[in-house]
2 protein chains.
Amino acid sequence: MITMAEIARLTGVSQPTVSRVLNGNKTVNPEIREKVLACAREHDFQPNVLAQSLVGSRTKLIGVIVTDIGNAFFADLVKYIEQEAGKAGYSIILFNTGYDAEHEKECLDVVRRYRVDGLVLVPVDENAVQWRSMVRKLEIPVVVITRKASGVDSYYLAHDEAGALAGRHLAEQGYEEYLFLGNTRDMKYRGFVDALAKIRPDFGAHLTVITTKKTEEIRQALEEHFKKTDHCTGIFTYNDRRAIQALGILEEMGIRIPEQAGVIGFDNTYICEYLYPRLSSIAQPIEEMAALTVQRLIHRLDHPDDKSVIDHPLHAELISRESSLRKRGEK
Amino acid sequence: MITMAEIARLTGVSQPTVSRVLNGNKTVNPEIREKVLACAREHDFQPNVLAQSLVGSRTKLIGVIVTDIGNAFFADLVKYIEQEAGKAGYSIILFNTGYDAEHEKECLDVVRRYRVDGLVLVPVDENAVQWRSMVRKLEIPVVVITRKASGVDSYYLAHDEAGALAGRHLAEQGYEEYLFLGNTRDMKYRGFVDALAKIRPDFGAHLTVITTKKTEEIRQALEEHFKKTDHCTGIFTYNDRRAIQALGILEEMGIRIPEQAGVIGFDNTYICEYLYPRLSSIAQPIEEMAALTVQRLIHRLDHPDDKSVIDHPLHAELISRESSLRKRGEK
DNA sequence: TTGTACGCGTTATCAT
DNA sequence: ATGATAACGCGTACAA
């Protein structure tokens, strides 16, 4: 690949002059400028970013460390991050931790070796001290995304609020029993429970929780539940995957949706639209989250003096579809 | 961030000695070695990869240019590529073209600026001359993945074979009408048609094709189809998305699956397992494809003299589930 | 075994 | 307006 020195040799000027031309410096003879540009074009010159960043300028690299790109949500997130970074002339170097804290550590080391200008991180465990100390040593702007992380800029969904949306909706639609499918440490669960408790004081007696992911165990739990009660049940799941799993089981059991059971998923995957009945779901503003994250990162790069810390919860939106619309016309 | 020169200063040795210690060179005094290592650890030294690659060694970067990370298939592909590359000490710099040839061009330029050691490419148009000439100028190993590309190493699914799998399966299951949902330029379609034509000479009269992606248009086409015939119909779609869309419509129409219509999707997304009825689908060996691709890239890096070109079609597998199993026990 | 000297490709600071 | 020259952080050949 051709270098500036080589172009200089070919055009009979000095290397710094080539640098000036290629960087659009005005103080250069138009004739020389043209000659150099022509030569650069002819040999399809591309500056060596590595050499550029070595002299002190930026690497124009943003490290992106996520827990699982295989997950459609994170895939979309990465997509928008790449897009937004590209707009600002940054490229991304991507790492997948696979929810492994040890591997996250390695990724943080590698990211460091590449002297990335900034880092977007989805921590394996947002409360762990490990990544925090490593991030501090990085001495570069870091933005945590999808998780609230004290002391670090973070953009994330207000999960409690999202859970409340689901709870209120199911109550409004007249469901009298409630079922949560997921992890109870999840803030979605908190929001869901709190919202319902406000609406129905006796709510505690009407809540069932299923924490397993295994189809057979979910089936057992659901069968048990519908044996106990004939009240119509509102089901909220921690992601669409789980919701679809539940829908499949319910259909197999002959439970009518949304009459006997209403289902609300989470993530608003494209699939929701295609299912029959179409699946209600909670949508995250993925694109906005990604854009804000990258913009913040770049702001920090341009204003190293800005020591403020951003803690920015984003708002979820309930997309109600047939799977939870018991009352016609009401949304 | 601390440098070798700095460590040298702190420990009172020369910078090359530090380099020798950190690179595991044996020819160095154990005492000095320990002192240097201790100092490096204390300050958490990480070598500057950019400087390393500037001296002539590798950047240890692999460029990955795909058409759409938002797509679950490519997301998985990227995941495994990152994983396999990581095993060999390579990191990936990721680009998403969004099926835009112009943007692909820009990505190829950027990849070049970073002096990546190798490139994994999913071309927007595998037949375009554009990327070929650019790739040639890159002067680095390039492997095309998911598309057959003459003159360049490529690992891809034998789509015709995959289509044939679907065709034969539907015929075996006793479906008498056939419907393809997708693009007819797709090799899946070719394979599907050819396989069925072999089995049934009069097959041409029993084939319907739906090319639109729009739900309403698909619905119309399906309604028309099932008005015309009461023979049970085998449906093959170009991806799971389309299959799920079709399933939703069919259920809404009251068509019984798999009795009146059998459906086979493509990609074997996790969702297939969760649907009711569970969706038959054609699985691509994504992990294998990714691993072979990265391994080939690294082989080329280690053997620059090897001028052979690999054209490696991979084999699809039909995962048959209830959505297409009309005859019990048969798979 | 260790240090000196040089070069990788670029930017930036000097003179000229 | 342009050309020397130094510097970035590292690896490597060579000398000591």
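A, B, ... follow the sequence lines: proteins, then strands. Residue 1 opens every chain.
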Is a side-chain N or O of [X] found less than 3.5 angstrom from the main chain of [Y], in a donor-acceptor match?
| X | Y | value |
| --- | --- | --- |
| Asn25(B) | Thr27(B) | yes |
| Arg132(A) | Glu126(A) | yes |
| Thr59(A) | Arg115(A) | yes |
| His299(B) | Gln295(B) | no |
| Asn96(B) | Lys79(A) | no |
| Asn183(A) | Arg185(A) | yes |

Would you mind reading off the distance between [X] atom [atom1] and [N] atom [atom2], rounded to a whole angstrom?
| X | N | atom1 | atom2 | value |
| --- | --- | --- | --- | --- |
| Asn23(A) | dT10(C) | CG | P | 10 Å |
| Arg112(B) | dG9(C) | CZ | P | 14 Å |
| Leu54(A) | dA12(C) | CG | P | 13 Å |
| Met4(B) | dT4(C) | CE | C1' | 17 Å |
| Gln15(B) | dC6(C) | CD | C1' | 11 Å |

>> Taking Glu84(B) first and then Lys87(B), would you say they form a salt bridge - that is, a charged N and a carboxylate O separated by under 4.0 Å?
In response: yes
>> Does anything in residues 58-93 of chain A form a ring-ring contact (aromatic ring centres under 6.0 Å, His included)? List the pairs, not counting sequence neighbours.
In response: none
> Hey, what bend do you get for the helix from dT1(C)-dA16(D) to dT16(C)-dA1(D) if you fit axes on five pairs at each end, rounded to 10°?
Replying inline: 50°
> Asp44(A) and salt bridge (charged side-chain N to carboxylate O under 4.0 Å, His left out): which partner among Arg113(B), Arg136(B), Arg112(B), Lys105(B)?
Replying inline: Arg112(B)
> Hey, which of these two, Pro16(A) or Ser14(B), hits DNA chain C nearer its 5' end, going by closest nucleotide?
Replying inline: Ser14(B)
>> With a cut-off of less than 4.0 Å, is there a side-chain N or O of Thr17(B) near OP1 or OP2 of dG3(C)?
In response: yes
>> With side chain to side chain contact (heavy atoms under 4.5 Å, CB included) as the criterion, how do Leu119(A) and Leu108(A) come out once you've worked through the C-alpha distance, each side chain's angles and the decisive distance to 0.1 Å?
In response: CA-CA 9 Å; Leu119(A) 177 67; Leu108(A) 282 165; 3.7 Å; yes
> Between which nucleotides of DNA chain D, 5' to 3', does chain A make heavy-atom contacts below 4.0 Å?
Replying inline: dA1(D) to dG9(D)
Dump every N/O contact between nucleotides 14-16 of chain C and the protein below 3.5 Å, one line per pair.
none

> Taking all atoms of both residues into account, what is the closest heavy-atom pair of Cys107(A) and Thr97(A), and its distance?
Replying inline: SG-CG2, 4.4 Å
>> Consider side chain to side chain donor-acceptor pair (under 3.5 Å). Of Asp117(B), Asp153(B), Asp306(B), which one does Arg300(B) pass it with?
In response: Asp153(B)
>> I need the residues from residues 29-52 of chain A with at least one non-hydrogen atom less than 4.0 Å from DNA chain C; give them sorted by number, or say none.
In response: Phe45(A), Pro47(A), Asn48(A), Ala51(A), Gln52(A)
>> Which residues pass the side-chain hydrogen bond (donor to acceptor under 3.5 Å, both in side chains) test with His315(B), not counting sequence neighbours?
In response: Glu161(B)
> When all nucleic acid strands are considered with a 4.0 Å heavy-atom cut-off, which category describes Thr3(B): base, sugar-phosphate, or nothing?
Replying inline: sugar-phosphate
